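Keep in mind that the numbers below use all heavy atoms, side chains included, and drop hydrogens, waters and symmetry copies. Remember, it's a predicted structure, so these values are computed and weren't measured experimentally.
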Amino acid sequence: MNRKINLIDNIVLLVLTLAGILAVTLIGNGEYSEDLGFFVLYCVIGAIVWALINVCVHEWGHVLAAKRNNFRVISVRLLFFLFTKENGKRKIALTRYTGEAGATELVPESGENLAERFVKVTKAGIYGNIIFCAVTVIPLFLASFLPFWVYSLWAIGLPVSLYFALENGLPMTTDGIKNDAAVVQGVKSGADSEKVLLALLQIHAELVKGKTPGEIGEGLYFDVPQLPEDDNNYLFLLNARYAYYLDREDYENAKGVSARMKGLLDSVPKFYRPAIRADLLYNACTFDFDESAADNLVEDNESYLNRSTDVTVLRIKAAYLLYVCKNTAEAQRFLGRAEESLADCTVEGQRRMEEKLLKKMEADADAALPPAGAEEKGAE
């Protein structure tokens, strides 16, 4: 995105938000004679409440639009809470703060009219914030009739909701991450980054249908524009290519992709680094055969590996136990847990790939065990 436009949009955001605060303060000062301290207290409380409401409404808009446009909702994150649905049951778990107040993870059920459907889903969150912004204008016209505390709590929602509406509705990029309006603009203008994004969504659609990464046409992985390394979609594309090569057992190319991702570790958002290190650990344990690197990666990534319980992390921990620690019994225990967690893998193509990788490790674990009765015979 043009830096000049990004700067102008940020200035507009700041000026209009401050104008909203000024309007609420001036009208309140003209209508009420209560102590300023109470006004500030009520405004702080109201601002927190309205901020939470706007985050929820924004993500709710994405979820509603997703259902209407043939997208599957994988998860919704609100602050430190992650909402998922597994085996028909809703689950809530604590998660790390990623720098964004909320996020909705979606995958398309099909690739038909994908760009048009994706734009509708992306816009829906913005519409939710605009609606609530309109609701918070009302108390400014009713100040003569509202109690002081009601006005203070309600009216402060105007600058807060205005901020959310503009922050999502004006095309902007923050720390390399595009907001909803910028993504929509990129899709409509045919920007390279959004072309890659749509290709990635097509890949997800094929995974949902049941194809493993290696069974999906290579054009979606490689017949796409070259992006700069600071574009997040470049990182996601590398991750998709890694899964493609891993599924096809093309380990040389998988190592090459991993090397490029390793080179980006210091520049990518911190939230993505643990998953990249985890893939590097799997490489070191299996086809890269670097036990020293594996030990270092476990030490550097210990918190993430211990906290996460999805099938991919369990598979990687089992690989470390089996191939580096040579602890076959413990590796089999983790392989069993990974097999159980396959049921929670809602994307069929990903589930099939993980199942194939687990079966290969299970065969290696069985081969590493001594033949039945060997210990008894040795004892005699």
If every non-hydrogen atom of [X] is compared with every non-hydrogen atom of [Y], which pair is closest and at what distance?
X      : Y      : value
Ser152 : Cys43  : O-SG, 4.1 Å
Ala199 : Val224 : CB-CG1, 3.7 Å
Met361 : Ala319 : CE-N, 3.1 Å
Leu170 : Asp9   : CD1-O, 3.7 Å
Pro171 : Ala181 : N-CB, 3.7 Å

Could you check whether any side-chain N or O of [X] sits under 3.5 Å from a backbone N or O of [Y], counting only pairs where one atom can act as donor and the other as acceptor?
X      : Y      : value
Tyr151 : Val24  : yes
Arg77  : Glu105 : no
Glu109 : Asn70  : no
Arg351 : Cys345 : no
Asp288 : Asp290 : no
Asn69  : Ala65  : yes
Arg273 : Leu265 : yes
Ser341 : Ala338 : yes

Qualifying residue for side chain to side chain contact (heavy atoms under 4.5 Å, CB included) with Phe334, from Ile316, Leu314, Val313: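 Testing Phe334 for a side chain to side chain contact (heavy atoms under 4.5 Å, CB included) against Ile316, Leu314, Val313 leaves exactly one candidate, Leu314.
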[X] atom [atom1], over 12 foreign heavy atoms within 6.0 Å:
X      : atom1 : result
Lys356 : NZ    : yes
Asp266 : CG    : no
Tyr282 : OH    : yes
Phe222 : CZ    : yes

Atom pair CG/CZ of Leu305 and Arg277 - distance to nearest 0.5 Å: 10.5 Å
Tell me, do [X] and [Y] make a side-chain contact under 4.5 Å, heavy atoms counted?
X      : Y      : result
Leu198 : Leu201 : yes
Val298 : Lys317 : no
Leu281 : Asn301 : no
Ile53  : Trp50  : yes
Leu237 : Leu227 : no
Leu153 : Val49  : no
Met261 : Val268 : no
Thr328 : Leu322 : yes

Please tell me whether [X] and [Y] are part of a single hydrophobic cluster in this structure, the criterion being side-chain heavy atoms less than 4.5 Å apart.
X      : Y      : answer
Ile48  : Val160 : yes
Leu321 : Val324 : no
Phe148 : Leu26  : no
Leu18  : Val15  : no
Leu357 : Ile216 : yes

Polar side chain donor-acceptor pair, Tyr244 to Asn253, under 3.5 angstrom: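 Absent: no donor and acceptor within the cut-off.
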Partner residues of Val55 under the side-chain contact (heavy atoms from CB on, under 4.5 Å) criterion, sequence neighbours left out: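 Partners of Val55 by the side-chain contact (heavy atoms from CB on, under 4.5 Å) criterion, ordered by chain and then number, come out as Leu78, Ala101, Phe164.
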Working for side-chain contact (heavy atoms from CB on, under 4.5 Å), residues Asp364 and Tyr323: CA-CA 9 Å; Asp364 290 343; Tyr323 301 117; 2.5 Å; yes
Under the ring pair (Phe, Tyr, Trp, His ring centres under 6.0 Å) test, residues paired with Tyr127 that sit two or more places apart: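 Residues passing ring pair (Phe, Tyr, Trp, His ring centres under 6.0 Å) with Tyr127: none at all.
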Under 3.5 Å, which donor-acceptor pairs do the side chains of residues 128-140 form with other protein atoms, sequence neighbours left out?
unit_1, atom_1, unit_2, atom_2, d
Asn129, OD1, His58, ND1, 2.8
Asn129, OD1, Asn168, ND2, 3.3
Asn129, ND2, Asn54, O, 3.2
Asn129, ND2, Asn54, OD1, 3.1
Thr136, OG1, Phe132, O, 3.4
Thr136, OG1, Cys133, O, 2.7

The single option from Tyr272, Tyr221, Tyr242 passing ring-ring contact (aromatic ring centres under 6.0 Å, His included) against Phe236: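 Looking at Tyr272, Tyr221, Tyr242, the match for Phe236 under the ring-ring contact (aromatic ring centres under 6.0 Å, His included) is Tyr272.
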Audit row: Arg352, Glu348, salt bridge (charged side-chain N to carboxylate O under 4.0 Å, His left out) steps and yes/no: CA-CA 6 Å; Arg352 287 184 56 218; Glu348 178 63 18; 5.1 Å; no
